[in-house]
Protein chains: 2
Amino acid sequence: MRTVLAMGRPRAFDEDEVVRAAVGLFGGRAYDGVSVDDLVTHLGVHRNSLYKTFGSKRGLYLIALRRHLADDVRPLLDALADAKDAEGALRLVTSADLRLLLLAAIERSPVDEEVAFEVTSALDSVDRAIADALGVPTDVATALTAAALGILLRGNPDKVATALTRHLGPLTRKGT
Amino acid sequence: MRTVLAMGRPRAFDEDEVVRAAVGLFGGRAYDGVSVDDLVTHLGVHRNSLYKTFGSKRGLYLIALRRHLADDVRPLLDALADAKDAEGALRLVTSADLRLLLLAAIERSPVDEEVAFEVTSALDSVDRAIADALGVPTDVATALTAAALGILLRGNPDKVATALTRHLGPLTRKGT
DNA sequence: GAAATAAAGGAACGATCGTTCTTGACTGAT
DNA sequence: ATCAGTCAAGAACGATCGTTCCTTTATTTC
């Protein structure tokens, strides 16, 4: 408990909005392809406030990544709990916005172990959600997650997912 | 036809070796994460020769990408022609070294349309090879390629591929 | 050997990188 | 009204980026 003697000038930016915008920017191009100038220009926050609030560019990136996991992956996990078969699970994953997670997995994980940890545990939680919902072994769930990520990677998720699940779905339908 | 009056000092580096090494470097981290200093240090070529021979960093990247397609993807296509079922095709793709292609697809294609063209046609050729070998519709082949890429993305390709093909293989066996 | 050509070797370029410093504007409590 | 504390605004930092220039060395043809 410390006594507040003065409050100071109030912020002119919304921290939540800034982090959400950072998720969009970092989800659109590689980490090194997003400069601090880009962040300052597109996020409505000024250099000083960015460093005061988030510590560094990497600090903002990590916060944005965790926000992405909380806002976009966590709801996916909840939805997956009600999945009835592999087709349904694949549809849920391939229709989610996982661009930042995908980019983080492929280009930051190899060089940033803190990112690697977040990515690994996020993907593992997707695996577990699928395994629990469908009652399939974990390695099958991992394979399903992998297939969904590959579909996201190629773009046109809807068309491709349809083809895959048309063949894969019946095999893992719950209770057969 | 021009008359050669003098030959000049011979190269002290092997152009093929340099390009192969560049494939390794660019396949290991993001484009912006590989500096020209890195290239000069690890490739055994000096700045001047790099620019004289390849034009620019991006020029070397494009040449390395095409070399990757010729050395690593083309043999995969040939091998896929003999694939008997989806399991075999998936095994072939997931055991290939496609790191540069994967990285190019996810982090360069969005910002470099020449890269995007190479990546798209390479992935399309994999689709066609699978479709031709297995006699499946092209969208199913696209889905299989996507699944294989997702498996590569997650690491541990062998274990995961086994699980996926155990369920997927029988469905698309040739002639059933 | 002399002239011509091409590569090696390295210094140096302007631009941009992430980060920090300085100054002034604004706020709440005394 | 004053003071303390926070933020905005933007200049400025050293480091590194991709690229170019210059000099030296090596080789072939005359």
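None of these values were measured; they are calculated from a predicted model. In what follows, every heavy atom counts, from backbone to side chain, and hydrogens, waters and symmetry copies are set aside. Per chain, numbering begins at 1; letters A, B, ... match sequence-line order.
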For this session: Test the K57(B)-Y31(B) pair against the cation-pi criterion, namely NZ or CZ under 6.0 angstrom from the six-membered ring centroid and within 45° of the ring axis.
Result: yes
Exercise. Rounded to the Å, how far apart are H46(A) NE2 and dT22(C) P?
Worked result: 20 Å
Exercise. Any chance the side chains of D38(B) and S35(B) put a donor and an acceptor closer than 3.5 Å?
Worked result: yes
Exercise. Between dA6(C) atom C1' and L50(B) atom CG, what is the distance in whole Å?
Worked result: 16 Å
Expected rows: protein N/O vs nucleotides 15-19 of chain C N/O, under 3.5 Å:
unit_1: dG18(C); atom_1: OP1; unit_2: V34(A); atom_2: O; d: 3.4
unit_1: dG18(C); atom_1: OP1; unit_2: K57(A); atom_2: NZ; d: 2.5
unit_1: dG18(C); atom_1: OP2; unit_2: V36(A); atom_2: N; d: 2.7
unit_1: dT19(C); atom_1: OP2; unit_2: Y51(A); atom_2: OH; d: 2.7
unit_1: dT19(C); atom_1: OP2; unit_2: K57(A); atom_2: N; d: 3.0
unit_1: dT19(C); atom_1: O5'; unit_2: Y51(A); atom_2: OH; d: 3.3
unit_1: dT19(C); atom_1: O4; unit_2: R47(A); atom_2: NE; d: 2.6
unit_1: dT19(C); atom_1: O4; unit_2: R47(A); atom_2: NH2; d: 3.3

Exercise. With D37(A), which residues qualify under side chain to side chain donor-acceptor pair (under 3.5 Å), at least two apart?
Worked result: R47(A)
Exercise. Charged N to carboxylate O below 4.0 Å: is that the case for R66(A) and E114(A)?
Worked result: yes
Just the atom pairs and distances: protein N or O near nucleotides 23-25 of chain D's N or O, under 3.5 Å.
unit_1: dT25(D); atom_1: O2; unit_2: R9(B); atom_2: NH1; d: 3.0

Exercise. Does the distance from a Lys or Arg side-chain N to an Asp or Glu carboxylate O, for R154(B) and D127(A), drop under 4.0 Å?
Worked result: yes
Exercise. Which atom names give the shortest non-hydrogen contact between L80(B) and I130(B), and what distance separates them?
Worked result: CD1-CG1, 4.0 Å
Exercise. Does the side chain of F54(A) come within less than 4.5 Å of E15(A)'s, by heavy atoms?
Worked result: yes
Problem set entry | Lys/Arg N to Asp/Glu carboxylate O, D16(B) vs R67(B), below 4.0 Å | yes
